[in-house]
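For reference, the structure discussed in these notes is given below.
Since this is a predicted model, take the numbers as computed values, not measurements. Note: hydrogens, waters and symmetry copies are ignored here, and every other heavy atom, side chains too, is used. In what follows, chains carry the letters A, B, and so on, assigned in the order in which the sequence lines appear, proteins first and then strands, with residues in each chain numbered from 1.
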Amino acid sequence: MISSKFSMQPRRAFLKNVIRYLLLILFCYLILFPLVLIISSSFKTEKEIFSYPISLIPENATLKNFRALMENFPRYIFNSFKITISITALQVLTATTAGYALAKLKWPGRGFIFLLYVSSIMIPFQVYIIPQFIIIRSLNLYDTHLALILVSSFTAFGTFLVRQFFMTIPDSYIEAAKINGAHHFYIYSKIVLPLSKPVIATLTILSFRYWWNDLFTALIYIISKERKTLPLGLADFVSEYDVYYGPQMAASLIAIVPVVVLFILAQKYIVQGVVGSGIKG
Amino acid sequence: MKRPQQLNNEINTAILFLLPSFAGFVLFILIPILSSFLVSFTNYSGSFAKIQFVGFRNYELIFSNTKFWKSIYVTLIFVASSVVFQLFLGFCFALILNRKIFGKVIFRSILFLPVVLSSVAVCMAFLFLFHPTAGPVNNFLMSLNLEPVPWLAHKDTALMSIIIVFVWQSFGYYMIIFLSGLQTINPALYEVADIDGASEFQKLVKVTIPGLSPVIFFSMIIALINAFKMFDHVFIMTGGQYGGGPADSTRVLAFDIYQNGFLFWQIGYGAAESVVLFLIILAITVIQYRFQRSWVSYDIV
Amino acid sequence: MLKKNVLLMLLFFICTVALIAGGGGEKAAEAEEGPVRVIFYLWDDPAYPPIIDAFNSSQDEVFVDAKWVSLNEYEAQISTLLAGGAKMDGYMQKRSTDIFAHYNNGYIAPVDGLADEFGFDLGEVSDYRDAISIDGATLAIPFRGASWYCYYNKAIFEKAGIPTPDTYVENGEWTWDKFIEVSAQLKEALPELPYGSFMYTWGSSNVIPALQNGIQFIDANGKVDINDSLINSYLYRKELEERGLIMPLTETKVTKTHYSKPFYNGETGMLLIGSWFPGHMLSGRDDGLLEGYEWGDYSLTRLPCDEPAYRTFGNPTFSHIHSKSDKKEAMFKFLAWMGGPEGAKIVAGNGLLPAYITDEVKAELSRILPDETAVKYYTEAKTVNPQFYNKYGSAVESELAAVMEEYLASDMSVSELRALLVKRLEQVAKQIQ
């Protein structure tokens, strides 16, 4: 029994390994190719972009595309940073406070509220976007950054992540602090939060990534050019007059870079966040 | 049992802690959801002065409208295909990367990379790639003497193009989830299987998949919900507010709702459609939860 | 205790909301001196900034604060702005049939009173009266006229050795079949020419024969009203596409090819598009985008037409005063200027057909049109059918475009096409009240 297995193994195992590597390389190529295309097209003239076979290194590298963006994009980038950072900070605040209440405090209706939060993940924004828009209008917040920041202040997913994490902090810490006369706010800020650096990091990164890339909310709430965010600016690029691929690719590159940098630096936390959401739903 | 005073204090504190998050939730999510439900019974189309209660009329209109049924059809096809492909690819690559592979971390990072990218940027890159006459993909096919594919320009291939982009962007996410799930499976189970003389395939079916089943279940739920919500890709790749693909072939329900509500002012109608969308998602999720008993095993040690 | 705290929470919540509402609301009160500042929304057509600037610098009573909205999303965004109660004094209407919906929702202020007060003679734009009034109330001031033409590249026709379209117009032969035939002749004579002719993706550009015929599609009572002219529209386009004479509709849409591009590049012999195109040609000339021919080598003539008497179509471009504006007079001054002789000159100078035609305007037009033929056909008196002109209009245009895409991609028979059109139009009639 054992000997027959061993005699088959080396050849078949080798073949299987080859297939594995081939698949990996193939898919990595499929993933990297569009990205490399974005990078190289950003530096090409319009004509060269369409020449085939595709040259990875542009023959006449040009910064013309980026210059075309100079008029509006610095503004868009600034807006995106401003909004994304505000939202991320606010989300960390609301997720940790709500998470604390849901994980460490006991009160009637706790389970129900948690269920409410989690099930709201299931609801597509189209369901509530129109009435939400009406509410924003009644608050006179249409076409403001504040509108975007407020409607995203609450994150069901983030709260869920944080709450799960807080549940892993032993109750004994809390009890010990309480016996020593600490009130909950102290416990929250001085004990629980410092212990939660991993989940906060994860939340920060996931939030940043999501809101940096958000198109739809901005599409609905922002109209004036000065307030546009980067995704809107990108989407805007297809003017009726022509599709200028060069500047479009340059703009896409700009949109991608911050998040990729974030990803490279903080991969561990992103993966953790993904994983944390995946186990035992 | 806590003394009443203590209990009260806990509740007060809880309220204060919960407030920042809950205020936003109530005002911007809960109330809109309820209002949407209410608005779907009116003919609201932009002016509060003229609003009228119309009962189930919007629902009658929806269910007798060809575009709506086309949307349902397109949405279901999109959701089914994209979820299957995402999970399948995620699963395959999780299996592959769960071994000693040279450059494992690099491969894993690259495959996950699209997940963090902006949908808009990705869609634009693919618009260029899929350009029917001048795009690199078609040029490549033609250089191999194959027929160029119309991609987004033809009703038979447009939806497929969007599925490709969507799956490209998200399978890495599930790959990571499955990878970590694989690592929780007790290696002893594999050893036992080996001793019993199980083939690779049998090990896969009898050990890996059951061990992974909670993760697969959870991924299915998330993937389905995300697929039903998909909007950005259709919007960018099929023409913005006038999109929906050649001959409505990419008109997912999420897009129809946007168009009816924001372009044609039929807000009551759009709200009714969104209620239907929500009910579909709810039904599918509930059904999944019911069925999990039959195949998901939580207690494999 | 519990109740008290819930109340406290509620109070806190309400205060926060009120604070935000107050903070996010109105900006500080405007200064009393200086010109009256009016907020005007419009889309970012390159021809418009000069008009706004000219007005602002020509007087200092009114200052127009133009809010530019992206051209692509204008229809959806202006709807949102209006429904959202955004502060504005006036706005330009991009989809003319939306005038019905906007009026119903109470966004538009009638201008009759103001016209009398300021002595603006609405009679001068009476050609477009129907397009700007509902139930006898005049709701807008047009500043751009409407008409569609057949633009053609003389250099290409010369190279192909075939007569230019205006020859056929002179002989009364310029029908749609002739149009298709000429497209084919061009391609036959010049195999490297990508397209004999070009039509765009809008619903309107694809049902021109029907618009020329004047059918309503859905009449004001909600009944479907179509005839063979509509069916023919679909048949003509399909024939053009099947014979490779025109860029396919879906390809045009997906590659987002603007109608100016093939014409600039000398890739098409003819182009059917509206009266604003000479403005594009001016830009094309100034930016050096014309390939293989000079600016003077293009001209324009009538659209092909199957009707016994020549008909063209189009809706004027007009602007409204917002009903909630508290600066209606100032807004009116601007609109009257833009739609009157002064504005008309600038509009003409930018290559657009103004609504208000005077001799001065004609002189301007001669400057910006390439030759005599062009001036003749551009300014001749003609019957202009309004397009999609009732409350169903916007949805109808979109449905017709969707059916066109379906039809082109399938093997539908004529009777199936007819049935599909009737069905889709009936659904629109039911849906829009």
Self-check item: For chain B, the option from A/Ile205, A/Ile19, A/Leu219, A/Ile121 that forms the most heavy-atom pairs under 4.5 Å
Solution: A/Leu219
Quiz item: Checking B/Ser35 against chain A: side chain, backbone, both or neither under 4.5 Å from a heavy atom?
Solution: both
Quiz item: According to the interplanar angle, ranging from 0 to 90°, do the rings of A/Phe208 and A/Trp212 count as parallel (below 30°), tilted (30 to 60°) or perpendicular (above 60°)?
Solution: parallel
Exercise. Answer with side chain, backbone, both or neither: which region of A/Phe263 has an atom nearer than 4.5 Å to a non-hydrogen atom of chain B?
Key: side chain
Quiz item: Side chain, backbone, both or neither: which part of B/Leu277 has a non-hydrogen atom closer than 4.5 Å to chain A?
Solution: side chain
Quiz item: Side chains of A/Tyr210 and A/Thr155: donor-acceptor distance under 3.5 Å anywhere?
Solution: no
Self-check item: Over 12 foreign heavy atoms within 6.0 Å of CZ, B/Phe140
Solution: no
Exercise. May I have the step-by-step check of side-chain contact (heavy atoms from CB on, under 4.5 Å) for B/Leu97 and A/Leu24, ending in yes or no?
Key: CA-CA 9 Å; B/Leu97 287 176; A/Leu24 282 174; 4.0 Å; yes
Quiz prompt | B/Ser143, part contacting chain A, at a heavy-atom distance under 4.5 Å | solution = side chain
Quiz item: Tell me, side chain or backbone of A/Ile136 under 4.5 Å from chain B's heavy atoms, or both, or neither?
Solution: side chain
Quiz item: Can the ring centres of B/Phe217 and B/Tyr289 be said to be less than 6.0 Å apart?
Solution: yes
Practice problem: Anything under 30° is parallel, anything over 60° is perpendicular, the rest tilted; go ahead and classify B/Phe171 against B/Phe93. | Solution: tilted
Quiz item: What part of B/Ile221 gets closer than 4.5 Å to chain A, counting heavy atoms only: side chain, backbone, both or neither?
Solution: neither
Quiz item: chain A: which of B/Phe278, B/Phe178, B/Trp168, B/Phe228 shares the most heavy-atom pairs with it under 4.5 Å?
Solution: B/Trp168
Distance-only donor-acceptor hits, side chain of residues 25-39 of chain A, under 3.5 Å, sequence neighbours excluded:
none

Quiz item: Relative to chain A, which segment of B/Phe235 carries a heavy atom at a distance below 4.5 Å: side chain, backbone, both, or neither?
Solution: side chain
Quiz item: So which of B/Tyr258, B/Phe28, B/Phe231 has the biggest tally of heavy-atom pairs under 4.5 Å with chain A?
Solution: B/Phe28
Counting only pairs under 3.5 Å, give me each side-chain donor-acceptor contact of residues 107-127 of chain B, with atom names and distances, residues two or more places apart or in other chains.
{"residue": "B/Ser109", "atom": "OG", "partner": "A/Gln267", "partner atom": "OE1", "Å": "2.9"}
{"residue": "B/Ser109", "atom": "OG", "partner": "A/Gln267", "partner atom": "NE2", "Å": "3.4"}
{"residue": "B/Ser109", "atom": "OG", "partner": "B/Val105", "partner atom": "O", "Å": "2.8"}
{"residue": "B/Ser118", "atom": "OG", "partner": "B/Val120", "partner atom": "N", "Å": "3.2"}
{"residue": "B/Ser118", "atom": "OG", "partner": "B/Ala121", "partner atom": "N", "Å": "3.2"}

Quiz item: With only heavy atoms counted, which part of A/Leu253 is less than 4.5 Å from chain B, the side chain, the backbone, both or neither?
Solution: neither
Exercise. Please flag which part of A/Leu23 lies under 4.5 Å from any non-hydrogen atom of chain B: side chain, backbone, both or neither.
Key: both
